[in-house]
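What follows is a single structure, written as structure tokens, with notes after it.
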Amino acid sequence: MTATTPENGHRTRLQRVACGSVISAIALGLCATGTGSAVAATDSDADDAPAIELILSAGVRGAIAPGSGTTASLTVQNDESSSLSAGRVTVEINRTALSSPTAVTSWLDDAEVTGDFDELGTDATGTVDAESAATTSIAVPPEALADLAPGVYPLRATLTGAQTQGQNDSDAVTSTSVLVVTATPNPPIAVIVPITATPARGALLTSEELTVLTAPDGALTAAIDGVRGTGAILAIDPAITAAVNVLGSSAPQSARDWLRQLDELPNDRFALQFGDADATTQAQAGLPALLQPTSLLPFVNPGDFVTPVGATPSDAPTPSPSSSGTPSPSPGSPSIPSDDDLRAVDGATAGVLWPRSDVTATDLDAFAGYVGDGGVTILSSASLGGAAGARATAGTSDILVSDTAASDALSEAASENDAASRQRLLSEATAQVYLSALPNPATPLLVGLDRDDTRSADALREAIAAVDSPGFGLTEVLATPSVPVSLVAEPDASRGAALQRMLADEVVLDDFASILDDRQLLLSPKRIQILRATAVGLTAKKFDEATAAVHIATTATLDAVDIPPSSTIQLLTANADLPFSVRNDLPWPVNVMLSVRPSDPRLDVQKVTAATIQPNSNGRVKVPVSARVGSGEVTLTLELSSPTGVQISQPERVRVSVRAEWETIGLALFGGLIVLLLSVGVIRTVRRRRRESDAEAGVEADAAAGSHGTDETVDANDASETVDTVEERDE
């Protein structure tokens, strides 16, 4: 017995999650546009999952030839914080074959089946450390299986006697699997692998995200490595190629290398809708054509598309312009590719749609209008009443049919990083392929993997190799004879209605965007957000969350430009420029027209004032006003509109207290104060000059008397006057 500790001390738990009829999900988390997996565990799943697990598989991916023996592989997983004691494991088989894909799924999920079980072998298990796993194997001799006819048989393993520290009793742990006895090889099988990736925020993957995704251990690199050397049909989201191409020369080197490697793969391929948007939702919304991005130019920096002087056109950092006829760039000047070139998928087969499968005949007619003659739609067999075979016809519509049961099982295996759990899932996939091919063993099959952009290269490669027929690709599937089928799926009309609401909001946003010099700065990211919100793999809950997020984002954008509330303004003069604040939370300058309406004719205002408000700021718009009366209260109604007359904000009211008579009073007071100051100054000047003159006269008299040497007595009145003069001077 060999003990192993999984990487990071844990492994991904197996959990079935149905994410739409074509399964899985993209974007917005689990079962959301562009990212996520149909095989994943939420936090609550992890809490509810058993701490001790037993995983069983047998044969080569679950299959053996008639009359041969096999080896049963068992893994004991201990997720407890204490070690698991030794125990005993027993493997049993039920000799009543499972007759349908539904029976296989029921057995593996619920462990319920008719018939008795026979023991195939037993073995002791050793101690398993905390948060570790241990494996063992039990050889099953040919004679134990000699009586089994070709078919799918239930396998069961039971672990008994093992317990963790603190347990008084040990409960038996059971694992289910299947053993496929087959004497014939699989029919030709083609596997469709979606290649998707979704930005954490925004419309397109950023340079930083592309660097991570295309690194040696990145998810997009894993997708390339997983399909390399296989015959898988690639379904590529053109939003990935667009994200690389719009960056031009500034695109990470790893992303450009990844795109080159993708182009060099010999695999057949077709392009999904941008953002993997769902054509079924668009048809049920009554759209006359498939939605596309409005423009990719807002994501382009012209400086990244300049051909260096002296370089040849082939040196330009842009996609080949052959498809759109874009002229060769002149050295030193930018040459920006067209939108078609930016999102092109090299070598893609045109006219292939892979929508959700709840379609009606009316939807198929709409699809024909979307892609024209020669188009083909990929639907799950569950939507066609379980029709077998890879090719069918519903009315005049060509259909490629992905086998639902085999696709579900193989998708789970391709998303499972734990090797033991993956073998069990591959056994289920082998069983589902066997049962699907049983009615017509030579009829080719088509398997479509879930949208999951987090798969490892090893898991993806092993899942494809389990069923893939080398050399059997899209061309061969399209050449397969078709059989007539009928549609049985129930459409979800709520999705079409939700898309109509999002497009109605987009019309409002289009009007609002007239405040920008370039409307596409708003409209292009919004359209891509809408496309991602209608992605194929969304469950009803995730779809509701995605569409609600679109509405919330639109509302926030429409509220980004507004007139903040203002307090009462005191107008103390007859003529003035009143400043009003305008808030702009957008990352671009906006052009607005501020309309002002007074509630009373006592105040004349300029009715409309144009202004440009800088991004992420509160700007001031000055409006000239003139008061006709001395005082009073006036209410001004303010509104913002775009230069084209589209209302931008709700009316905002501002009170203006007019006190224009204070201007006259203030001028009179100021003038009086000036006159008073001038008068005081004149009086003080006259008095000072008189004092100076009298003082000079007294000094001259004294000097004259002294010069004649007389002892004349000074007249009493003259003496008194002289004293007064001296005192005034001293003062």
Side-chain angles (χ1 to χ4, degrees), residues 14 16 50 52-76 87-123 125 136-161 171-184 186 382 386 388 403-406 408-410 412-413 420-421 423-439 441 466:
L14 183 63
R16 270 185 206 276
I52 307 299
E53 289 185 275
L54 179 63
I55 303 168
L56 165 67
S57 63
V60 179
R61 303 186 185 101
I64 64 170
S68 64
T70 187
T71 298
S73 176
L74 299 112
T75 299
V76 179
R88 192 162 196 84
V89 65
T90 302
V91 177
E92 302 171 291
I93 190 170
N94 188 315
R95 299 182 185 277
T96 302
L98 300 169
S99 59
S100 68
T102 303
V104 172
T105 302
S106 177
W107 160 244
L108 294 174
D109 287 350
D110 303 327
E112 295 180 358
V113 70
T114 59
D116 298 327
F117 282 84
D118 297 331
E119 182 179 312
L120 294 178
T122 185
D123 192 13
T125 62
T136 189
S137 59
I138 297 176
V140 180
E143 54 269 22
L145 306 173
D147 62 333
L148 295 181
V152 179
Y153 296 92
L155 276 182
R156 182 173 69 189
T158 305
L159 173 66
T160 57
D171 296 327
V173 180
T174 302
S175 176
T176 59
S177 187
V178 291
L179 184 65
V180 182
V181 180
T182 177
T184 59
N186 288 334
D403 186 87
T404 302
D408 286 355
L410 199 67
E412 290 189 77
S421 296
Q423 289 303 313
R424 175 186 181 275
L425 292 167
L426 290 174
S427 298
E428 179 183 1
T430 299
Q432 299 292 13
V433 167
Y434 173 85
L435 292 173
S436 295
L438 198 57

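Counting from 1, the numbers follow the sequence of the chain as shown. The structure presented is a predicted model; accordingly, all values stated were derived computationally and were not measured.
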Excluding sequence neighbours, so at least two apart, what forms salt bridge (Lys or Arg N to Asp or Glu O under 4.0 Å) with D110?
none
Audit row: L74, L159, side-chain contact (heavy atoms from CB on, under 4.5 Å) steps and yes/no
CA-CA 10 Å; L74 299 112; L159 173 66; over 6 Å; no
Using 0.5 Å steps for rounding, measure from the OG atom of S427 to the CZ atom of R61.
10.0 Å
Separation between CD1 (I55) and OG (S421), nearest 0.5 Å, reads 3.5 Å
Quick one: does [X]'s side chain have a donor or acceptor within less than 3.5 Å of a partner on [Y]'s backbone?
| X | Y | result |
| --- | --- | --- |
| W107 | T102 | no |
| S436 | Q432 | yes |
| S57 | R424 | no |
| T430 | A63 | no |

Please report the shortest heavy-atom distance between [X] and [Y], naming the atom on each side.
| X | Y | result |
| --- | --- | --- |
| L56 | A72 | CD1-CB, 4.1 Å |
| Y434 | V152 | CD2-CG2, 3.7 Å |
| L120 | L145 | CD2-CD2, 4.1 Å |
| L108 | T176 | O-OG1, 3.2 Å |
| E92 | E119 | CG-CA, 4.0 Å |
| G115 | T96 | CA-OG1, 4.3 Å |

So V89 and L54, side-chain contact (heavy atoms from CB on, under 4.5 Å) or not? Walk me through it.
CA-CA 9 Å; V89 65; L54 179 63; 4.1 Å; yes
Looking at T70, T71, D123, T90, which hits side chain to side chain contact (heavy atoms under 4.5 Å, CB included) with I138?
D123
What verdict does the side-chain contact (heavy atoms from CB on, under 4.5 Å) test give for V178 and L155, after you've listed the backbone C-alpha separation in whole Å, the side-chain angles of each residue and the deciding distance to 0.1 Å?
CA-CA 5 Å; V178 291; L155 276 182; 6.0 Å; no
Which residue pairs satisfy the salt bridge (Lys or Arg N to Asp or Glu O under 4.0 Å) criterion with at least one member in residues 93-108, sequence neighbours excluded?
R95-D118, R95-D147
Determine, step by step, whether I64 and L179 satisfy the side-chain contact (heavy atoms from CB on, under 4.5 Å) criterion, reporting the C-alpha distance in whole Å, the side-chain angles of both residues, the deciding distance to 0.1 Å, and the verdict.
CA-CA 7 Å; I64 64 170; L179 184 65; 3.8 Å; yes
Check whether any side-chain heavy atom of L426 sits under 4.5 Å from a side-chain heavy atom of L410, and report yes or no.
yes
Taking only residues two or more places apart in sequence or in another chain, which ones pass side-chain hydrogen bond (donor to acceptor under 3.5 Å, both in side chains) with R88?
T122
